[in-house]
Structure formats: C-alpha cells, structure tokens
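From a predicted model like this one, the values you see are computed outputs, not experimental measurements. Read the numbers this way: they start at 1 and go in the same order the structure lists the ligands and their atoms.
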Amino acid sequence: MPKKFDGKVALVTGGASGIGKVTAQVFASHGAKVIVSTDANIKGGEETVRLIKEAGGEATFVRCDVSRAADVEALVEKCVRTYGRLDYAFNNAGIGPDGRRVPLVPIVDCPEDIWDRTIAINLKGVFLCLKYEIKQMLKQKQGAIVNTASVGAWKPVPGFCAYVASKSGLIGLTKTAALECADSGIRVNVILPGPTDRTLLMENLTSAQPADKAHMMSMIPMKRLAQPEDMARAVVWLCSDDAAFITGLAMPIDGGMTSG
Ligand code: NAD
C-alpha cells in the first residue's frame, strides 16, 4: 500500500534520543528515507537507524555537530549523495537550559561558556542547518523544514537565560526563513514543545530533583507531560501537503501551557 512520504527524504538532527529519535521513526513509518544525525551520542543515532530498519524502513546515520559549519555542509551533501535529494528537515538538536548538567543560574552568575555553547548549538546550529538545507531545497524548488524551539521562548523561567534567548531567537529566525522562502516552494515552521517525557533533558532535570516532574505537570492545563510522539505527529503533519499553506508558524505543543 503506498505511503504518503514514499520517495521522500527526511533529515533529523538530534535523532539519537528523545523527540528526534521518535520523529525519525515516524517519518520512516510514512515511507520517507531518513538521515539520522547527532554529534556525540553515536550509539543512540545508530540505534534509531536500527529500529527504523527493523520496522522495514530505510535510514542512514551521519555524525554532525550542528554548531560547526563544515559538519552541517557535509551532512546535507551526504544526504543528497545517499538518497539523491532532501525534502524535509527537522532541525531539532539542542541542549538543555543549563547547557550541561549544572544547576540553573541567574544571569549574574551565568558562566560565559554556557551562554556561548547554548547559543552555538541551539541558535547558530539551526542557522547553519537552514543555510545548507535551503540551498539544496532551492535547487529542487520544494521542501519543508521544522525547527524545535520551546515553550520557554514564550514563558521564560528565571535561571534559563541562554536557553530562553536561544529558543526565542529561533522563532525570529524561522519567520525570516519562511518569508525568504515563501515563493520558492519551501515552508519553514517552528514547534514549541512543552515539558516532554522520555527525553534526556527531562531525565537531567528530574534526576537532580524528582519533585520537578510533578511540579511541571501541575503547570500544564492538560495535567500530563508531552510525549515525543506528540511532537513527532505535529512535525510530520507540518511537513506534509496537509499543511501546504502553513509557513512561519510558531506552534506550541504544550497541553495548553502557553494559553494562560
Ligand atoms: P534530548 O537531549 O533527548 O535530545 C537532544 C538531541 O540533540 C540528542 O540527540 C543530542 O545528541 C543532540 N545534540 C546535542 N548537541 C548537539 C550538537 N552540537 N550537534 C548535533 N546534535 C546535538 O532531548 P529532547 O528533549 O528530545 O530535545 C530535542 C529538542 O527539543 C531540543 O532542541 C530541546 O531544546 C527541545 N525541547 C525539549 C523539551 C523537553 O522537555 N524535553 C522541551 C522543549 C524543547
């Protein structure tokens, strides 16, 4: 039976775990060939590819640090060399509010290296991905891109300065890209996930303070954490022709968190 993404090629950054891992699998379940990418967690990336192949899909792992231009250029080149084209990109790689596993800090105590690292991966990383993905999609005169921001962009929390700045910046970057590509057949949107279960970010936050999970749920009107599948289904829908007239959209997927 034909699938809606038969013959299509999707690229997923941050595909080694959490939201990216599940979204890569959902793209493949709809027939897309998938390039799964991540930087350090190679085992996780290869595991995503294995799961896709076991389910009858097609995928290739490519290592890429999204903060390095040469890596990102090579990633898109490898995608085109392997599968001939690039139809969909999910620019999802990112690091958490603390930049790494250190306590959250107010601006006055935020180490410069955490600021730099967070902006380099979460914001510059998406800029670099857009740059090389759009170059390829312009040749094809079509494509759809989804970036991953966070509800933190609309509901800033003290102690998250670099993260909030990076994710807020992504919304402006997405809208700029959407306008630049609007008459070229390329759509660019951004999702704003709420707190999402089964991700490293959630593991890091809750292993330090187990009470955090209950606190987070109490802030969500629907009284549950998001699941990676909630994000994956929205990303795949945004890439599909069902969303053919949607570009520049910042879409919260947060159980109502940003509505109040
Ligand atoms: P995760 O930590 O499980 O996944 C992050 C992925 O990004 C991993 O595959 C990791 O290897 C990869 N990555 C990190 N640095 C990279 C780099 N320099 N180059 C390439 N890949 C890199 O967490 P997740 O929650 O699935 O994160 C996915 C996205 O969702 C992130 O952008 C995160 O900010 C965003 N987000 C997550 C939540 C949540 O509650 N988990 C909420 C809002 C937004």
Side-chain angles (χ1 to χ4, degrees), residues 11-25 35-49 61-72 74-75 89-101 116-129 146-157 160 162-171 173-174 190-207 212-213 215-217 219-220 224-232 234-235 250-255 257-258:
L11 187 163
V12 176
T13 70
S17 58
I19 295 168
K21 185 180 201 89
V22 173
T23 306
Q25 291 173 264
I35 294 286
V36 176
S37 178
T38 194
D39 64 336
N41 186 1
I42 293 168
K43 215 170 136 205
E46 289 176 343
E47 152 96 354
T48 307
V49 167
F61 175 71
V62 181
R63 186 176 183 190
C64 167
D65 177 344
V66 294
S67 66
R68 296 167 53 94
D71 276 24
V72 179
L75 171 68
F90 181 34
N91 297 324
N92 164 75
I95 56 173
D98 53 0
R100 58 185 182 216
R101 295 177 198 201
D116 287 344
R117 188 170 131 77
T118 307
I119 299 296
I121 295 172
N122 291 5
L123 186 55
K124 181 183 166 192
V126 175
F127 155 71
L128 291 172
C129 287
V146 178
N147 299 323
T148 305
S150 166
V151 290
W154 284 358
K155 266 197 176 308
V157 176
F160 283 44
Y163 186 77
V164 167
S166 69
K167 296 300 190 179
S168 303
L170 267 190
I171 295 175
L173 179 62
T174 300
V190 57
I191 59 165
L192 282 64
T196 306
D197 215 359
R198 293 161 41 224
T199 60
L200 292 183
L201 193 141
M202 186 59 63
E203 254 176 51
N204 291 349
L205 284 175
T206 53
S207 61
D212 275 357
K213 216 172 191 174
H215 174 64
M216 271 180 236
M217 279 199 259
M219 295 188 308
I220 301 169
R224 71 162 174 88
L225 294 176
Q227 296 298 320
E229 287 77 5
D230 293 313
M231 307 306 146
V235 171
M251 178 195 267
I253 306 171
D254 64 356
M257 201 173 168
T258 51

Atom CZ of residue position Arg198 - does it have more than 12 heavy atoms of other residues, nucleotides or ligands inside 6.0 Å?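 Enclosed: over 12 neighbouring heavy atoms sit under 6.0 Å from CZ of Arg198.
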Can you confirm whether the side chains of Asn91 and Thr13 place a donor and an acceptor under 3.5 Å from each other?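 Side-chain D/A pair, Asn91 to Thr13: absent.
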Do Phe90 and Ile191 pass the side-chain contact (heavy atoms from CB on, under 4.5 Å) test, and can you show the C-alpha distance, the side-chain angles, and the key distance before you say yes or no? CA-CA 10 Å; Phe90 181 34; Ile191 59 165; 4.2 Å; yes
Tell me if a side-chain donor or acceptor on Asn122 pairs with a main-chain N or O of Tyr163 at a distance below 3.5 Å.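 No.
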Results of side chain to side chain donor-acceptor pair (under 3.5 Å) for Thr48 - residues two or more places apart only: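 Once residues adjacent in sequence are excluded, the partners of Thr48 under the side chain to side chain donor-acceptor pair (under 3.5 Å) criterion are Lys21.
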For ligand 1, what is the set of protein residues having any non-hydrogen atom at a distance below 4.0 Å?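 Lining ligand 1: Gly14, Gly15, Ala16, Ser17, Gly18, Ile19, Thr38, Asp39, Cys64, Asp65, Val66, Asn92, Ala93, Gly94, Ile95, Ile121, Thr148, Ala149, Ser150, Tyr163, Lys167, Pro193, Gly194, Pro195, Thr196, Thr199, Leu200, Leu201, Met202.
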What verdict does the side-chain contact (heavy atoms from CB on, under 4.5 Å) test give for Leu192 and Thr258, after you've listed the backbone C-alpha separation in whole Å, the side-chain angles of each residue and the deciding distance to 0.1 Å? CA-CA 10 Å; Leu192 282 64; Thr258 51; 5.6 Å; no
